[in-house]
Each structure stands twice: as structure tokens, then as C-alpha cells.
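Small disclaimer: the values here were computed from a predicted structure and weren't measured.
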Amino acid sequence: EAQVTQNPRYLITVTGKKLTVTCSQNMNHEYMSWYRQDPGLGLRQIYYSMNVEVTDKGDVPEGYKVSRKEKRNFPLILESPSPNQTSLYFCASSLRALNTEAFFGQGTRLTVV
Amino acid sequence: QQQVKQSPQSLIVQKGGISIINCAYENTAFDYFPWYQQFPGKGPALLIAIRPDVSEKKEGRFTISFNKSAKQFSLHIMDSQPGDSATYFCAASTASKLTFGTGTRLQVTL
């Protein structure tokens, strides 16, 4: 089954404790991206990658890091999480560019206390 | 700065009625305008999309109307059903960026 898989689905952590949210797709898509969803703000792009070893900032990149060492994986790293990073996070992938259908993962609900 | 403005924030429609959600954008570089549907606990899923060279696209009960000169587009859901109750996001995209509206929570009542 074609899918985007995120782990974990739920995470509660403390301020400053480094964490990684994993994202993997099995569709051989070139494009992957991360979004955060907050009430009243919709989804905002954090980082994106147009191919292996190619990443760039989205609209809200502060406090986040990403890497794209393999085509299928695109982890999101929070080096020192803060409470304002409490949010619902989604990973997405597209075949090539973003102006085609994007497939989203199930989401990761992160709470930073 | 919200590049894609969506309204209304919430919408209640009776079963069988027409649901209409509107969006406006600013960036003329956008060349793909999808609508995503999101159910609670799930990720968004593509519902229907349009490119700016056409003014309307229909798929079943769902229609996108697109006005390039006004930089506006809308989603019409005909014969709305309780199963359509979800949050709907309009979006606008270039090759590298997908910008979402703030979402509309649709409730279809019996």
C-alpha cells in the first residue's frame, strides 16, 4: 500500500530534550516536506526537500532541522524543543514537485512541557 | 502574512444542501490550486485540484470554480452528506511551496 508513515503518533516531552520525528514514504517520491498544523492557522510549511541531499526552509523553520540522506526518509529534528513547538505535525510527499498531489502521513501530535 | 485567505471558518449545512467555501490568493506565481479534506485524527487528503488555465473543474458532487483575474477560487459541494463533515483546506502551490488556507470546518446535519 502506498503510504507516508510517521512515528511516533503521539509524543510528550520536556523543554530542551532533543527529539526526532521520523517520516518514510514507499512511493519513490522525490519531494518531501514537513508541516505544522495549529488551530486557526492551517498548515504551515517547515522544511522541504526536492531530492536527496537537497533541503530548504519553508515558512516556519526556526527551531527545526531536517536531513535527506535517503530518498524514502525525511526526519524532523527538534534540537531543543520549546512549548511553542507544541503542535500537530504532518509529513508529506509528492512525485516530483509540489504542484502535483501531495500525500500526507497520519500526523504526530507533539506536546512540549 | 496569510497568502491564501479562506472563508468561512465554519459552516453548517443541511443534508442535501450546497456547501460553498471561498479562497483568495495574492501570489500570481501559484500554478496549482488543490483542495484537501481532513477527517479528525487523519492527515489531509487531496479532494480535487485545478490549474489556472481552466475556470471550472467538476468531480462528482465537488466543483472548483476558479477566477484568475480576481485571484479567487471556491469549492462547491452539491447534495452535501453527513459523511462530508470534515475540515476543508484550500491551498495554492508553486513547484516548491504549498501554502494552505486556515481551514473550514463543515458540519452537515440531518
> For B/Tyr32 and A/Glu101, which heavy atoms make the closest approach, and how far apart are they?
Replying inline: OH-N, 3.5 Å
>> Which heavy atom of B/Gln38 sits nearest to which heavy atom of A/Phe90, and what is that distance?
In response: NE2-CZ, 3.3 Å
> chain B heavy atoms under 4.5 Å from A/Gln37: which part of the residue, side chain, backbone, both or neither?
Replying inline: side chain
Using a cut-off of 6.0 Å, state whether more than 12 heavy atoms not belonging to [X] lie near its atom [atom1].
{"X": "A/Arg9", "atom1": "CZ", "result": "yes"}
{"X": "B/Met78", "atom1": "CE", "result": "no"}
{"X": "A/Lys65", "atom1": "NZ", "result": "no"}

> Donor-acceptor pair, A/Tyr31 side chain versus B/Ser96 backbone, under 3.5 Å?
Replying inline: yes
> What part of B/Tyr36 is in contact with chain A, defined as an atom under 4.5 angstrom from a non-hydrogen atom: side chain, backbone, both or neither?
Replying inline: side chain
> Side chain, backbone, both or neither: which part of B/Pro34 has an atom under 4.5 Å from a heavy atom of chain A?
Replying inline: neither
Is there a chain of hydrophobic side chains (I, L, V, M, F, W, Y, each step under 4.5 Å between heavy atoms) that links [X] to [Y]?
{"X": "B/Trp35", "Y": "B/Ile20", "answer": "no"}
{"X": "A/Leu78", "Y": "A/Ile12", "answer": "no"}
{"X": "B/Leu47", "Y": "B/Val108", "answer": "yes"}

>> In the structure I gave you, are the side-chain heavy atoms of A/Arg44 and B/Thr99 within less than 4.5 Å of one another anywhere?
In response: no
>> Can you confirm whether A/Tyr35 sits close enough to B/Leu98 that some side-chain heavy atom of one is under 4.5 Å from a side-chain heavy atom of the other?
In response: yes
> Picking from B/Ala49, B/Pro44, B/Ala91, which has the most non-hydrogen pairs under 4.5 angstrom with chain A?
Replying inline: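 Looking at each option in turn, the highest pair count goes to B/Pro44.
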